[in-house]
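Computed from heavy atoms alone, side chains included, the values below leave out hydrogens, waters and symmetry copies. The residues of the chain are indexed from 1 along the displayed sequence.
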Amino acid sequence: MKKHVLSGICAHWPGGYASRSGSAVSSLLCCITLAALVACGGGGGASDGSAGSSSSSGGGTPSGTTSKNAIGMNTWFLNDWDGSFAFADAIKHARPWKDAADWNNPVAGVDALGWPTADASTVFFTGSPSQVNGTYKLVFKGKADVSLLWYTGSVSNKVYNAATNTTTADVTINNTVTGSGGLVFKNTQRTAASAINTGFTDVHFYRPGYPSDGSAVFTTPFLNALGKASVVRMMDWSATNQNLTRLWADRITPLHMSKTDVTYTTVGGVLANGSLTTSSTYASVAGVPLEHQIQLCNKLKVDCWINVPVVADDTYVRNMALALRYGTDGTNPYTSAQANPVYPPLDAGLNLYLEYANEIWNSAGGFKCFPVILDLAGNAPATSDLLVPATTSIWTKMWRYPAFRMSQVSSIFRSVYGDVAMMTRVRPLLMTQQGNGQGTLADALNWLDAYAKRQTPAHSVDYYVYGAGGSGYYGVNTEPANHTDLDGFFASGNYPKTQNVKGFGVDAMWANNFGLQRIAYEGGPSLDNYTSAESRAINADARMQDMVVKTHDAWSAQGGGLLMYYTLVGAGQWEFTPDLSVTNSPKMAALNQLNSQSRVPVTLGQALPGSIIASNWHDSYMVRSGFDYTVTIGGLPCIAGNNTGFWLAFPAHADQAFTGKLVVKGAASSATSLAVWINGTKKGTVNLAGGSSSSLVDSASLDVDIPSGFVAVRLEVLSGGFSLYSITVN
């Protein structure tokens, strides 16, 4: 049966959207279908507000330990109708060039940077009169007759400077209806000496009120709206779901108007029901140049979240690291600090989050990472580390693959940034399905744990990865049958949604167990089953502010750290405002409220000091590496099946840090030695005397330092085997 992935979860690609909030359960594999959000602090601190940690100690303080809500925001993919009006130079939003005489035909040709080599036209923007009307400054190299496409208005003050081969003009738009429009260039000449119909280059179309010298890169409303976040994720700006660029030379640069697609052809032959029995060829989308992504974060003074293209080779990854650290000349990265870089690096005071690809489990049509990784994992050579421990399951290989590739990406960035920056300023991530859906998080972390331990010297998971987890999307417990029933939607007790809150905590438990931050790559209200009109009516209801705040509080209480909301503007099902001029929408008001109030404390798990009764968490938030079952010993419920090499871990929390004494109560037929781990750090060992499997005994106490906030307590069986009743920390 093929339904092994969430049907849709997270589509942000031209032409369609996939589901984000619901869950799809297959009769083959069960999966929770929610996308992840990430919260992180800007301005050079750790995402949780701490100072960070060294590469040897990994992810720093546990999730949920600081007083500030960690809020991020996703960009939507860039085009004329995205609603962001992000760039002061509207050419950045333009569609590919078309024929000047017939919009239905492509332009006769373009050069290597995407500029027309013949007469051409394009659409610059889509919007209402209030969004697009005004006088723009047009600047381009070459000569042409210029007129408006589909819009009403005029072209005036057109001047050609032969010395610089530059044409300038004022373009006034006075449209009366909402729609799309652009410009037509006819009788074009690349230079004064060129023949007619030879095209033009280097077009700029500066919005009203912005300088015509390129000194203002982004629009003020866009910057003001994004400024509510402390991290910006560039997944859609990078066109990650369809960006199949492998070589650095094939990437889009700031010099490009557009980029000719590269293609990726699979090997095929995977099957076991992942399909790909024959090879397939997929076209690539280029996205926004990395330089502009860096410029945006520098301008906002917020941390930057970068997505590594799914098939980018090691040289590409290294060049990304160099560009982020040292900047570029517009084409290639510098390899050392420059006094005056053409495109500066990410500011030294800002943190960098790294994610490999996006939603690799999502098989919806616009998500090319799924078939590509299916191909890469399914055709991995027998000698690949991906296949250790051995497995024949294509899905196990698939879910391991992001950890496999991220370990390599992390190591490449370490070689560029150095050990000190890793897990402090540079923060690699493992993003999976919410609530460990389909075992995506467990498979990735367990593989990475085993891989790290095999290295010389041995490492831990937090040597390679800073944060982990699924999305922070959510809905309501019961959707009204009538989607216009706002009172039913916002009924008391209908939110936060129980299933989603549970998923937040499950992921927090897995992440903290390995010493990582619980981070969500995407999140927020997800109205998958609603039309755009229905969604916008719900989003406009004043009660939406309460829903966002209460669910974010639930996220924090479950140990959540950085949560990356999706998305500022875009589709009604997920947008935080329908128009950037609307700065007081309920969702935006919720962000203001969260930024002004303290983060709620962690409440998931047993309060410490106290006793964790193991059976209370069985089949709930407990995570483990082996097989377990319940037994009754001395009239008390215990968890058995804990053999040598196995571990099991439980959630807890502490209002403040303290040093306590930890005691394990259990039954062991033979002497058993247990390693005690707190948030991924080994604290020591305790022993249970053998001789009986029918009576409970206490171990000697172990001094342990307990941090404030989320506390994941893990017991690893070093030798012997036992049944566990409780773990007490006093």
TODO: For the pair R414 (side chain) and Y463 (backbone), establish whether a donor and an acceptor sit closer than 3.5 Å, ignoring hydrogens and angles.
DONE: yes
TODO: For the residue pair R425 and V420, establish whether any side-chain heavy-atom pair is separated by less than 4.5 Å.
DONE: no
Open item on the list: In the structure I gave you, are the side-chain heavy atoms of F413 and V416 within less than 4.5 Å of one another anywhere?
Closed with: no
TODO: Go through the structure and list residues passing side-chain hydrogen bond (donor to acceptor under 3.5 Å, both in side chains) with Y621, not counting sequence neighbours.
DONE: Q558
TODO: For R599 and N69, test the side chains for any donor-to-acceptor distance below 3.5 angstrom and give the result as yes or no.
DONE: no
Open item on the list: Under a 3.5 Å threshold, yes or no: a donor from one side chain and an acceptor from the other, between N592 and K228?
Closed with: yes
TODO: Take Y566 and D236 through the side chain to side chain contact (heavy atoms under 4.5 Å, CB included) test and state the conclusion after the steps.
DONE: CA-CA 10 Å; Y566 190 87; D236 278 330; 2.7 Å; yes
Open item on the list: For Q593, give me all partners under side-chain contact (heavy atoms from CB on, under 4.5 Å), at least two apart in sequence or on another chain.
Closed with: Q545, V549, Q597
TODO: Return the orientation label for the W510 and F514 ring planes: parallel under 30°, perpendicular over 60°, tilted otherwise.
DONE: parallel
TODO: For the residue pair T659 and I706, establish whether any side-chain heavy-atom pair is separated by less than 4.5 Å.
DONE: no
Task: Distance, nearest 0.5 Å, that separates CD1 of I613 from CD1 of I727 - done: 9.5 Å
Task: Charged tip of K587 within 45° of F576 ring normal and under 6.0 Å - done: yes
Task: Nearest atoms (heavy-atom pairs only) where A468 meets A511 - done: O-CB, 3.9 Å
- [ ] Could you tell me whether the side chain of Q295 reaches within less than 4.5 Å of the side chain of V217, counting heavy atoms only?
- [x] yes
Open item on the list: Under 3.5 Å, is there a donor on one side chain and an acceptor on the other for S526 and W574?
Closed with: yes
Task: Donor-acceptor under 3.5 Å (S585 side chain, V582 main chain) - done: no
Open item on the list: I'd like to know whether S598 forms a side chain to side chain contact (heavy atoms under 4.5 Å, CB included) with K68, so could you lay out the CA-CA distance, the side-chain angles of the two residues, the decisive distance to 0.1 Å, and finally the verdict.
Closed with: CA-CA 5 Å; S598 297; K68 185 178 180 180; over 6 Å; no
Open item on the list: One thing to verify: whether R536 and E575 come together as a salt bridge, which I'm taking to mean a side-chain N less than 4.0 angstrom from a carboxylate O.
Closed with: yes
Task: Expected output: side-chain S556 to main-chain H552 donor-acceptor under 3.5 Å - done: yes
Task: Donor-acceptor contact below 3.5 Å, side chain N74 vs main chain Y565 - done: yes
- [ ] Would you mind telling me which of D303, N358, T75 makes a side-chain hydrogen bond (donor to acceptor under 3.5 Å, both in side chains) with R233?
- [x] N358
Open item on the list: When you measure from the side chain of N679 to the backbone of A712, do you find a donor-acceptor pair of N or O atoms at a distance under 3.5 Å?
Closed with: yes
Open item on the list: Can you confirm whether or not the ring centre of H292 sits under 6.0 Å from the ring centre of F87?
Closed with: yes
Task: 4.5 Å side-chain heavy-atom contact, V548 and Y474 - done: yes
Task: Nearest-0.5 Å distance that lies between atom CG in N307 and atom CE in M431 - done: 10.5 Å
TODO: Please answer whether the main-chain N or O of L662 pairs with a side-chain N or O of N730 as donor and acceptor at a distance below 3.5 Å.
DONE: no
Open item on the list: Nearest 0.5 Å, please: how far is OG in S84 from CZ in F77?
Closed with: 10.5 Å
Task: Validation row: L290, I294 side chains within 4.5 angstrom (heavy atoms) - done: yes
TODO: Any chance you could measure I678, atom CD1, to T681, atom OG1, to the nearest 0.5 Å?
DONE: 9.0 Å
Open item on the list: My understanding is that only residues two or more places apart in sequence, or in another chain, count here; which of them pass side-chain contact (heavy atoms from CB on, under 4.5 Å) with V686?
Closed with: V664, L674, V676, S699, L702
Task: Ring centroid separation F504 to W555 under 6.0 Å - done: yes
Open item on the list: Around atom NZ of K683, are there more than 12 heavy atoms from other residues, nucleotides or ligands closer than 6.0 Å?
Closed with: yes
Open item on the list: Keeping R714 on the side-chain end and W677 on the backbone end, is there a donor-acceptor pair under 3.5 Å?
Closed with: no
TODO: Show the numbers, then the answer: is there a side chain to side chain contact (heavy atoms under 4.5 Å, CB included) between L352 and R325?
DONE: CA-CA 10 Å; L352 172 62; R325 185 171 187 190; over 6 Å; no
TODO: Scan side-chain atoms only and decide if E359 and Y521 contain a donor-acceptor pair under the 3.5 Å cut-off.
DONE: yes
TODO: For residues 652-661, pull every pair meeting salt bridge (Lys or Arg N to Asp or Glu O under 4.0 Å), keeping only residues two or more places apart or in separate chains.
DONE: K661-D703
Open item on the list: Working to the nearest 0.5 angstrom, can you tell me the gap between N436 CG and D507 CG?
Closed with: 6.5 Å
Task: Residues forming a side-chain contact (heavy atoms from CB on, under 4.5 Å) with A444, sequence neighbours excluded - done: A403, L430
Open item on the list: Listing request: all side chain to side chain donor-acceptor pair (under 3.5 Å) pairs with a residue in residues 486-495, at least two apart in sequence or in separate chains.
Closed with: D487-R543, Y495-D546
Task: Flag, side chain of D485 to backbone of G488, donor-acceptor distance under 3.5 Å - done: yes
- [ ] Specify the closest pair of heavy atoms between Q606 and W617, including all atoms of both residues, with the distance to one decimal.
- [x] N-CZ2, 3.8 Å
TODO: Would you check if the side chain of Q434 reaches a backbone N or O of Y473 as a donor-acceptor pair within less than 3.5 Å?
DONE: yes
Task: F710: which of M509, H653, Q517, R518 passes side chain to side chain contact (heavy atoms under 4.5 Å, CB included) - done: M509
Open item on the list: Quick check: do L226 and L568 have side-chain heavy atoms less than 4.5 Å from each other?
Closed with: yes
Open item on the list: For F658, is there any backbone N or O sitting under 3.5 Å from a side-chain donor or acceptor partner on D705?
Closed with: no
Open item on the list: If you compare all heavy atoms of W237 against all heavy atoms of Q293, which two are closest, and at what distance to 0.1 Å?
Closed with: CE3-CG, 4.1 Å
TODO: Check the pair T551, N500 against side chain to side chain contact (heavy atoms under 4.5 Å, CB included), reporting the backbone distance first and the verdict last.
DONE: CA-CA 9 Å; T551 309; N500 299 151; over 6 Å; no
Open item on the list: Looking at every heavy atom in both E355 and W305, which two are closest together, and how far apart are they?
Closed with: OE1-NE1, 2.8 Å
Task: Residue pair I360 / P402: nearest heavy atoms and the distance that separates them - done: CG1-CG, 3.7 Å
Open item on the list: Before we go on, tell me: are the rings of H483 and Y530 under 6.0 Å apart, centre to centre?
Closed with: yes
Task: Rounded distance [0.5 Å steps], CZ in F650 versus OG in S726 - done: 10.0 Å
Open item on the list: A side-chain contact here means heavy atoms from C-beta on lying under 4.5 Å apart; do K299 and K301 qualify?
Closed with: no
- [ ] Grab the two heavy atoms, one from L346 and one from C304, that are nearest each other, plus how far apart they are.
- [x] CD1-CB, 3.8 Å
